[in-house]
Amino acid sequence: MLWKHYQNRRTLQQEEPKSVPGTPWGGVVRTRFVAWFYLAPGQLGYPPKSYQSYILTAKKERESKNGVTGFKNALIHLYASKGASVEAFKVFQETMKPDVVSWSGLVVAYLKAGELDNAQLVFNKMPVKDVVSWTAIISGYSQAKRSKEALELFEQMRQSGVRPDEVTMVSVISACTHLGDLEVGSNVHRYIGENGFGWMVSLCNALIDMYAKSGCVEKARQVFDKMERKTLITWNSMVSACANHGNVEEAIELFHEMTKYGFLPEGVTFLALLTAFTHKGMVEEGVRLFECMKIEYGIEAQIEHYGCMVDMLGRAGRLKEAYELILNMPIPCNDVVLGALLGACRIYGDLDMAEPIVKRLLELKPDEGGYYILLLIFIWLQAEELKQQQ
């Protein structure tokens, strides 16, 4: 019976509709409503296009049960979505018989407004706590980087007998990632597997990210390889994990594999690979990839891509190419990109190249002029020293 339940949920998850019909009451729909407006916007679907139509729909669907409370709940959640905690609290006070939906909405309102302590006070007063209220407060602590408290709340949730769902577990994994405690993260991973959550794509993506940021690329790869279904986020996470830890060959292999399966890489994919090429000194490969990004995939390079290329060329001593790239950038240059090239000038003692760069840096950051002038003097001294050695 339990297996059939998970199979049914799995079928629904694989369909992944772009919008979830209904109102914020009942099961997964209400959990996802909270996710839309607070926990993970953009990851679990999108809310109705019009707040007004949402309220009208909520009013009609709830009218036959306890319409007044239903309509008040809709207003509370509407204000919650905007972080209007004062307005949400006023409506809550006007509600004759607030239910768990009313309380949860008020918790979310305070969380959205950044008032974590007030959210905790309301949560503590709740006569009944369901998966939505637990998930909201856990996510609030996780997003505030108060990971230990988020994990303590998760343990309390389990002890209370409320079963977590997908959204809850994403927040828990996020807390483990911020905490950087691999043992705790592994225990959560084990819990996910033992409780039938292992097939959920969003959780597997979060686990890959957690293991990668903890330096366990092998564990991340194990999660990746076991996934029956992968999304673009999955591929990008794994490519980035390999690239950031110096596994360039594996990252390139994954890059080609993802395109073979019909997943088009994004700017973040190319940035991860370019960063890996930079640290490995694979300049020619990096140049080809940079050109391929625009020509083959139509992705316009952003300032981060240019910064990576300038750094790559600069480290290789190809200072003129790096400077020409800066001059031909179709977007405004910044001090980070110029600073990368200036750093290369210091390494190679190139005073002629350093002077125009310092001039541009002084225009961008006049308050830091003293530092750049000192750096220019240092480069001049280094250049003189290199001349004497020749």
Evaluate the criterion side-chain contact (heavy atoms from CB on, under 4.5 Å) for residue pair Ser102 and Lys72; output intermediate values, then yes/no.
-> CA-CA 8 Å; Ser102 318; Lys72 294 288 187 183; over 6 Å; no

Heavy atoms of Ser104 and Met126 approach each other most closely as OG-CE, 3.9 Å

If only atom types and distance count, is the side chain of Thr234 paired as donor or acceptor with the main-chain N or O of Thr231 below 3.5 Å?
-> yes

Looking only at atom types and distance, does a side-chain atom of Asn195 sit under 3.5 Å from a main-chain N or O of Phe197, one as donor and one as acceptor?
-> no

Taking atom types as modelled, find out whether Ser237 and Asn205 have a side-chain donor-acceptor pair closer than 3.5 angstrom.
-> no

Roughly how far, to the nearest 0.5 Å, is CG of Leu153 from NZ of Lys148?
-> 14.5 Å

Looking at OH of Tyr323 and CG of Asn328, how far apart are the two atoms once the value is rounded to the nearest 0.5 Å?
-> 11.0 Å

Does His77 reach the main-chain N or O of Val101 with its side chain, forming a donor-acceptor pair under 3.5 Å?
-> yes

Quick one: pull up CE in Met169 and CD1 in Ile192 and give me the separation to the nearest 0.5 Å.
-> 4.0 Å

side-chain contact (heavy atoms from CB on, under 4.5 Å) evaluation trace for Lys219 with Ile208 | CA-CA 8 Å; Lys219 284 279 187 75; Ile208 291 171; over 6 Å; no

Would you say the ring centroid of Phe263 lies under 6.0 angstrom from that of Phe255?
-> no

Using the benzene-type ring in the case of Trp, are the ring centres of Trp103 and Phe92 under 6.0 Å apart?
-> yes

Side chains of Lys129 and Phe123: does their closest heavy-atom pair fall under 4.5 Å?
-> yes

Under 3.5 Å side-chain donor-acceptor pair for Thr168 and Ser171 | no

Would you check, one step at a time, whether the test side-chain contact (heavy atoms from CB on, under 4.5 Å) holds for Met329 with Ile303?
-> CA-CA 9 Å; Met329 283 173 58; Ile303 194 69; 3.5 Å; yes

Criterion side-chain hydrogen bond (donor to acceptor under 3.5 Å, both in side chains) on Asn236 and Thr269, from CA distance to verdict = CA-CA 6 Å; Asn236 279 337; Thr269 320; 2.3 Å; yes

Look at atom CD of Glu218 and say whether more than 12 heavy atoms of other residues, nucleotides or ligands are closer to it than 6.0 Å.
-> no

Are Leu254 and Arg221 close enough that some pair of their side-chain heavy atoms sits under 4.5 Å apart?
-> yes

Below 4.5 Å, heavy atoms only, C-beta onward: do Lys112 and Ser81 meet side chain to side chain?
-> no

Please report the shortest heavy-atom distance between Cys333 and Arg360, naming the atom on each side.
-> CB-NH2, 3.9 Å

With sequence neighbours excluded, residues passing ring pair (Phe, Tyr, Trp, His ring centres under 6.0 Å) with Tyr306 = Phe290

How are the rings of Phe224 and Trp235 set to each other: parallel, tilted or perpendicular (split at 30° and 60°)?
-> perpendicular

Locate the shortest heavy-atom distance separating Trp134 from Val162; write the atom from each residue and the value.
-> NE1-CG2, 3.8 Å

What is the distance from atom CD of Glu149 to atom CD1 of Ile138, rounded to the nearest 0.5 Å?
-> 12.5 Å

Between the side chain of Gln143 and the main-chain N/O of Tyr141, is any donor-acceptor distance below 3.5 Å?
-> no

If you group Ile, Leu, Val, Met, Phe, Trp and Tyr by side-chain heavy-atom gaps below 4.5 Å, do Leu342 and Val336 land in one group?
-> no

Salt-bridge present (Arg158, Glu152; N to O < 4.0 Å) = no

Would you confirm whether Thr275, through its side chain, and Leu271, through its main-chain N or O, come within 3.5 Å as a donor-acceptor pair?
-> yes

Residues, nucleotides or ligands: over 12 heavy atoms within 6.0 Å of Arg346 CZ = no

Step through the shown structure and confirm whether more than 12 heavy atoms of other residues, nucleotides or ligands are within 6.0 Å of NZ on Lys365.
-> no

Ignoring hydrogens and geometry, is there a side-chain-to-backbone donor-acceptor pair from Lys230 to Met227 under 3.5 Å?
-> yes

Does one hydrophobic cluster hold both Met312 and Val268, with members joined at side-chain heavy-atom distances below 4.5 Å?
-> no

Should the pair Phe89 and Tyr110 be assigned to parallel (<30°), tilted (30 to 60°) or perpendicular (>60°) ring geometry?
-> tilted

Are Tyr191 and Phe154 close enough, and set up right, to give a ring-ring contact (aromatic ring centres under 6.0 Å, His included), and what steps lead you there?
-> CA-CA 12 Å; Tyr191 175 87; Phe154 174 62; 5.6 Å; yes

Atom CD of Glu183: over 12 foreign heavy atoms under 6.0 Å | no

Under the 3.5 angstrom rule, does the side chain of His245 hit a backbone N or O of Ala212 as a donor-acceptor pair?
-> yes

Could you check if a side-chain atom of Val223 sits within less than 4.5 angstrom of a side-chain atom of His189, using non-hydrogen atoms only?
-> yes

Any donor-acceptor N/O pair, Thr259 side chain to His256 backbone, under 3.5 Å | yes

Would you find a donor on one side and an acceptor on the other, under 3.5 Å apart, between the side chain of Asn124 and the backbone of Gln120?
-> yes

Same cluster for Ile76 and Val86 if Ile/Leu/Val/Met/Phe/Trp/Tyr side chains link at under 4.5 Å?
-> no

Any Ile357 side-chain heavy atom under 4.5 Å of Leu361 side chain = yes

Over all atoms of both residues, closest heavy-atom pair of Val108 and Ala80 = CG1-CB, 4.0 Å

Single-linkage hydrophobic cluster, 4.5 Å side-chain cutoff, Ile295 and Met309 together = no

Any idea which heavy atoms bring Cys345 and Met353 closest together, and the distance?
-> SG-CG, 3.4 Å

Does one side chain, of Thr278 or Asp311, offer a donor that lies under 3.5 Å from an acceptor on the other?
-> no

Drop me the distance from Asp165's CG to Thr135's OG1, to the nearest 0.5 angstrom.
-> 5.0 Å

Any link between Val128 and Ile137 through a network of hydrophobic side chains (Ile, Leu, Val, Met, Phe, Trp, Tyr) touching at under 4.5 Å?
-> no

Beyond-backbone contact of Leu289 with Phe270, side-chain heavy atoms, under 4.5 angstrom | yes

For the side chain of His305 and the backbone of Gly267, is there at least one donor-acceptor N/O pair under 3.5 Å apart?
-> yes

Would a 4.5 Å heavy-atom cut-off, applied to side chains only, mark Cys216 and Leu182 as touching?
-> yes

Are side-chain heavy atoms of Leu362 and Val358 found at a separation under 4.5 Å?
-> yes

Quick one: do Met210 and Leu207 satisfy side-chain contact (heavy atoms from CB on, under 4.5 Å)? Show the steps, please.
-> CA-CA 5 Å; Met210 180 192 74; Leu207 286 170; 3.9 Å; yes

Pairwise distance CD(Glu155) to OG(Ser160) - rounded to 0.5 angstrom | 10.0 Å

For residues Tyr348 and Gly314, report the shortest heavy-atom separation together with the two atoms involved.
-> CE1-O, 3.3 Å

